[in-house]
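These notes are about the structure you will find just below.
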There are 2 protein chains.
Amino acid sequence: MEQLKQKIREQGVVLSDQVLKVDAFLNHQIDPVLMQQIGREFARRFRDQRIDKIVTIEASGIAPALMTALELGVPVIFARKHRSLTLTDNLLSASVYSFTKQVESTVAISGSHLAAGDRVLVIDDFLANGQAALGLASIIRQAGAEIVGIGIVIEKSFQPGRQELEKRGYRVESLARIQALRDGQVSFL
Amino acid sequence: MEQLKQKIREQGVVLSDQVLKVDAFLNHQIDPVLMQQIGREFARRFRDQRIDKIVTIEASGIAPALMTALELGVPVIFARKHRSLTLTDNLLSASVYSFTKQVESTVAISGSHLAAGDRVLVIDDFLANGQAALGLASIIRQAGAEIVGIGIVIEKSFQPGRQELEKRGYRVESLARIQALRDGQVSFL
C-alpha cells in the first residue's frame, strides 16, 4: 500500500535493526485519514470472505481494525491484555510471549461476542514473531469460530511471523512488508 | 444522543449501582456505525472550537476519539497507561487514581506530538470521578497546549466527575448522562 509506505519513509524512526517506531501515525498519535485508507484496503482484500467479526488486540490494533469494521459493516472485538472490571464472564484466553519484552502475558476475549461458525478476520498493527496473532487465533478457535484471514498493517518480514502463520494455513495480508531495518533506513520487500 | 441511549438500554448491563457494562458495543466489542455517529456528534458540538488535536486514553477511548478525529480532520493521540517500547522521548505524564480499582497509575504522552498553543479536545468513553480526564488535562497543560473541551460518551452523573471538571473551567459535553443505576435499570438525566 503505497500511502502507508510513504508515511513509514517520512515519519517512521528506525530505533534498532529490530524496532521501527511509528508513534507519529499508528501507535501513539493516529492519522485518521490514513487509518480510513487502511480500513478500505483491508476491506477490499477480504470482502470476498463474508466476514462476520473482526478481532484485534488493544491498544494499537483498535484503529485499523475499527476502520476495517466500518467498511465491512461488521463489529470488532478487541482482546484485552490487561484485567478489566467488566470483562468477567465466559472468558476465553491465550498466553502470548513477547520476544521484545521477554514476558509472557495473557490476552482475553469474552466468549459472549464470538459464536461458533463466525467467520473472523484478525487485524493487528505489527507482525513480527506472530505470537499475538497466534494467541488471537487460539481464542477464536476456542469459540468454535473460523479464522478466514489475518490483516497486518506493518510486517517485519525478516522475522518469522508470516511463516508461522502460513504454515498453520492462515492467509496473511500485510499492507507494508519490511525487508530490513539497517543504518536507520527502512527497506521494503 | 438518542441512538446511544437506545443502545445502552438494549445492550448495557447494570452490574451494580456504580458499574455499567457496555462491553457489547463500546468497551470490548465495538459497534463501528455507532462510533461513527458518536464521532459526528462530537464533531458537531466542538467544530466551532477550531480543534488542532484530540487526546484520549487507551484502550476504550480510542474508537470514539478516532471517529471524531476523522470527522474533524485532525490527528488523535492516545495516552498510554502501560509502558511501551517506543514511547521513550520527551515524556509527559500524570498520576491517575482509579476509585473503582483503588490503584494509582501513570498515564503518559510523548510531548513530540503536542505543541504549545495547540487547541486540544479530550475524548473519553466514561466520566465517573474525572480522574482520567484531569490526568490528561495535566499532561496537555504541561505541553503548553490548551484544553478547549472534554467530550464524554457516557457520563455517570451521580459521580462527581463533571463538577470536578467544570469547577476548573472545562466545558464538558456528554452524549449520555446517567442519573442512576438501580435495580438493574439505567435511568438517564
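First the proteins, then the strands, lettered A, B, ... as listed; each starts at 1. FYI, side chains are in, hydrogens and waters are out, and symmetry mates aren't considered; it's all heavy atoms of this structure.
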Q: Enter the distance from B:Ser110:OG to A:Lys21:NZ here, rounded to the nearest 0.5 Å.
A: 5.5 Å
Q) Do A:Phe25 and B:Pro75 come close enough that some side-chain heavy atom pair is under 4.5 Å? A) no
Q: Please look at B:Ala65 and chain A and tell me whether the side chain, the backbone, both or neither of the residue comes under 4.5 angstrom of a heavy atom of that chain.
A: neither
Q) Distance from A:Ile109 atom CD1 to B:Asp23 atom CG, nearest 0.5 Å? A) 11.5 Å
Q: Please state whether the side chain, the backbone, both or neither of A:Val55 comes within less than 4.5 Å of a heavy atom of chain B.
A: neither
**Q.** Any B:Met67 side-chain heavy atom under 4.5 Å of A:Leu70 side chain
**A.** yes
Q | Close side-chain approach of A:Ile30 to B:Ile77, heavy-atom, < 4.5 Å | A | no
Q) More than 12 non-hydrogen atoms from neighbouring residues, nucleotides or ligands closer than 6.0 Å to CZ on B:Arg168, yes or no? A) yes
Q. Going hydrophobic residue to hydrophobic residue with side-chain gaps under 4.5 angstrom, can you get from A:Leu189 over to A:Ile154?
A. no
Q) With a cut-off of 6.0 Å (strictly less than), are more than 12 heavy atoms of other residues, nucleotides or ligands near CZ of B:Arg9? A) yes
Q.
Any non-hydrogen side-chain atom of B:Gln29 less than 4.5 Å from a side-chain atom of A:Val76?
A. no
(Q) Just so I know, are the side chains of A:His28 and B:Glu58 near enough to count as touching, which here means a heavy-atom distance under 4.5 Å? (A) no
Q. In this structure, are over 12 heavy atoms from other groups packed under 6.0 Å from A:Asp48 atom CG?
A. yes
Q | Greater than 12 external heavy atoms within 6.0 Å of A:Glu2's CD | A | yes
Q: Kindly give the heavy-atom pair with the smallest separation between A:Arg80 and B:Ser60, and that separation in Å.
A: NH2-OG, 3.2 Å
Q) Can you say whether B:Ile57 sits under 4.5 Å from chain A via the side chain, the backbone, both, or neither, judging by heavy atoms? A) neither
Q) Which bit of B:Lys53 comes within less than 4.5 Å of chain A, counting heavy atoms only: side chain, backbone, both or neither? A) side chain
**Q.** Exercise: identify the closest heavy-atom pair between A:Ala59 and B:Ile62
**A.** O-CD1, 3.6 Å
